[in-house]
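Input: a single structure, listed below in structure tokens.
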Amino acid sequence: MSSKDDGELRIHVYELRVGMCVCRLEEPRKESPFMFDRIVIESPADIKLIQDICDYVYIDVKWQKSSAGAIPTRNSDSLKHLSFARSFNQTANTFNRTGSLIKTVLDDIRFGNQFSVSAVKQAVAETVDQVLENPDAMLLLTQLKDQDQYTAQHSMNVCVLSILLGRELKLSVQELNKLGFCGLMHDVGKMRVPLEILNKPGRLEDDEMAIMRQHTLHGRNVLMSARNAYPGAVDVAYAHHEHLAGTGYPRGLGKEALSLFTRLVTVVDTYDAITSDRVYQKGKPHLEALGILVKGMNQHYEANFVTQFINCIGFYPQGNLAELSNGEVGVIVEQNRADRLKPKILLIQDENKQPIAEHILDLAVTATDKNGKRYGIKQIMRPQDYGIDLNQYCRDGKFSQAYPEVS
């Protein structure tokens, strides 16, 4: 913070808190969404709006004290940002732009229009950049599920998760761009499947399943007809439901006939499909999904890719809920690379499952709770199964602000 002689206090936007009164913005990057110059911050959403348009603001100290009381302050050492907090909005913007683009592409394909391959490649390149810079934030964003947008969201998630796995395998940036393109476009053939089958809420009949399985052939044809599309994406779209043992579809190919990218995308495609809610089934929890992948190693899935995928996202990945041994509940927000069983958690409920002011709990630092009992993770849960809307948390700026840390 720094002050001026006229009683203004200059602060970074990440020091803003509810209850502060902003008198002016410093060098806003775009037009302010607020009606008046003086802004009384009433919610985290107000903070997020300001963070989106500038880096520094001025607080009118005299006006603040006379009209709203003392400036809310805390010892800076007691407030902690998540590792990706300062860049989270930019990361989320990239994620959302690519997600919106794939929705447009899928609509174009459904209506028989040409889509822009160059636009897809550019979006994938930006996604690769963000995965390399902010892998934790990108993994968190894949957990913002919306059943009504399943196909587009699933395509986006497979793109991000494929890039994350490729990063774990130390692929080059050029290879990651190709892999991301394969992940984003792997399910485009579903746009040629009749909607009454694609969105059927119940189990498909045998003849309907046969039509659904044709999406691999449709995907191959769509990508073969697209000018300048990466050729490897044709293989992935056509073969991502094949199994190493030759028991998959549409051709019953074995491991030797499947490309590296096909075998890789198949792992993350299965994981995201298992953990997502769809019209005909509820998604399964993270650890159960990992169990299915492990059980299918060597028969369905490349064992090394499954192992590296688990190393990549961990046993306790961002965006899942953790119920602790004392009953407290929080959102897992960061991995601990040195000890993957001790993530960083944003606590949101007390031991009685009542809402609390959010605190950061770093299990690598804080071993015991307020009663002196050792912290441990009792179970991992899906947020949507417990009425927690991560999309709303994102909109409210929960992942880009500072919090006190449990000590």
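Note that the structure is a prediction, hence the values are computed from the model and not measured.
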Ionic contact status for [Y] with [X], cut-off 4.0 Å:
{"X": "E302", "Y": "K255", "answer": "yes"}
{"X": "E405", "Y": "K344", "answer": "no"}
{"X": "K370", "Y": "E351", "answer": "yes"}
{"X": "K48", "Y": "D396", "answer": "no"}
{"X": "R382", "Y": "D277", "answer": "yes"}
{"X": "D272", "Y": "K145", "answer": "yes"}
{"X": "D52", "Y": "K30", "answer": "no"}

Is there a donor-acceptor pair under 3.5 Å between the side chain of [X] and the backbone N or O of [Y]?
{"X": "K342", "Y": "A367", "value": "no"}
{"X": "T142", "Y": "L139", "value": "yes"}
{"X": "S276", "Y": "Y150", "value": "no"}
{"X": "S400", "Y": "G397", "value": "yes"}

Checking side chain to side chain contact (heavy atoms under 4.5 Å, CB included) between [X] and each of [options], which is the one that passes?
{"X": "I360", "options": "I345, L82, V365, L347", "answer": "L82"}
{"X": "V160", "options": "L165, V131, T98, L184", "answer": "V131"}
{"X": "P317", "options": "R340, Q335, Q143", "answer": "Q335"}
{"X": "M20", "options": "D60, I47, I59, V40", "answer": "I59"}

Aromatic ring centroids of H215 and H186 under 6.0 Å? no

Looking only at the aromatic ring of each residue, does the gap between the centers of Y249 and H241 stay below 6.0 angstrom? yes

Kindly compute the distance separating [atom1] ([X]) from [atom2] ([Y]), expressed to the nearest 0.5 Å.
{"X": "Y230", "Y": "K121", "atom1": "OH", "atom2": "NZ", "answer": "10.5 Å"}
{"X": "T151", "Y": "M156", "atom1": "OG1", "atom2": "CE", "answer": "15.0 Å"}
{"X": "S100", "Y": "R97", "atom1": "OG", "atom2": "CZ", "answer": "9.5 Å"}
{"X": "N336", "Y": "D362", "atom1": "CG", "atom2": "CG", "answer": "6.5 Å"}
{"X": "L244", "Y": "F305", "atom1": "CG", "atom2": "CZ", "answer": "9.5 Å"}
{"X": "I274", "Y": "I292", "atom1": "CD1", "atom2": "CD1", "answer": "4.0 Å"}

Using a 6.0 Å cut-off, check whether atom [atom1] of [X] has over 12 heavy atoms from anything other than its own residue.
{"X": "F315", "atom1": "CZ", "answer": "no"}
{"X": "R29", "atom1": "CZ", "answer": "yes"}
{"X": "K373", "atom1": "NZ", "answer": "no"}
{"X": "Q174", "atom1": "CD", "answer": "no"}

Taking atom types as modelled, find out whether [X] and [Y] have a side-chain donor-acceptor pair closer than 3.5 angstrom.
{"X": "T94", "Y": "E126", "answer": "no"}
{"X": "Y375", "Y": "E328", "answer": "yes"}
{"X": "S172", "Y": "E175", "answer": "yes"}
{"X": "Q354", "Y": "D350", "answer": "no"}
{"X": "Y403", "Y": "H81", "answer": "no"}
{"X": "D187", "Y": "S155", "answer": "no"}
{"X": "D235", "Y": "H240", "answer": "no"}

Would you check, one step at a time, whether the test side chain to side chain contact (heavy atoms under 4.5 Å, CB included) holds for Y393 with I388? CA-CA 9 Å; Y393 271 60; I388 305 298; 4.1 Å; yes

Start with the C-alpha gap between F95 and T127, add the side-chain angles, then the distance that decides, and say whether side chain to side chain contact (heavy atoms under 4.5 Å, CB included) holds. CA-CA 7 Å; F95 187 93; T127 302; over 6 Å; no

Kindly indicate, with the supporting measurements, whether the criterion salt bridge (charged side-chain N to carboxylate O under 4.0 Å, His left out) is fulfilled by R263 and E242. CA-CA 9 Å; R263 288 177 276 132; E242 301 284 3; over 6 Å; no

Output, in order, the C-alpha distance, side-chain angles, deciding distance and verdict of side chain to side chain contact (heavy atoms under 4.5 Å, CB included) for T275 and K284. CA-CA 5 Å; T275 56; K284 299 182 186 299; 5.6 Å; no

Using side chain to side chain contact (heavy atoms under 4.5 Å, CB included), reason through L140 and F84 one step at a time and then give a plain yes or no. CA-CA 11 Å; L140 174 61; F84 53 73; 3.8 Å; yes

Begin from the C-alpha positions of E208 and R213 and carry the test salt bridge (charged side-chain N to carboxylate O under 4.0 Å, His left out) through to its verdict. CA-CA 9 Å; E208 294 172 326; R213 288 185 169 188; over 6 Å; no

Taking the inter-plane angle between the rings of H243 and H300 on a 0 to 90° scale, is it parallel (under 30°), tilted (30 to 60°) or perpendicular (over 60°)? parallel

Output, in order, the C-alpha distance, side-chain angles, deciding distance and verdict of salt bridge (charged side-chain N to carboxylate O under 4.0 Å, His left out) for K282 and D385. CA-CA 10 Å; K282 182 180 177 181; D385 293 341; 3.6 Å; yes

List the steps, then state whether salt bridge (charged side-chain N to carboxylate O under 4.0 Å, His left out) holds for R337 with D136. CA-CA 11 Å; R337 301 299 175 187; D136 288 343; 3.1 Å; yes

Taking only residues two or more places apart in sequence or in another chain, which ones pass side-chain hydrogen bond (donor to acceptor under 3.5 Å, both in side chains) with N320? none

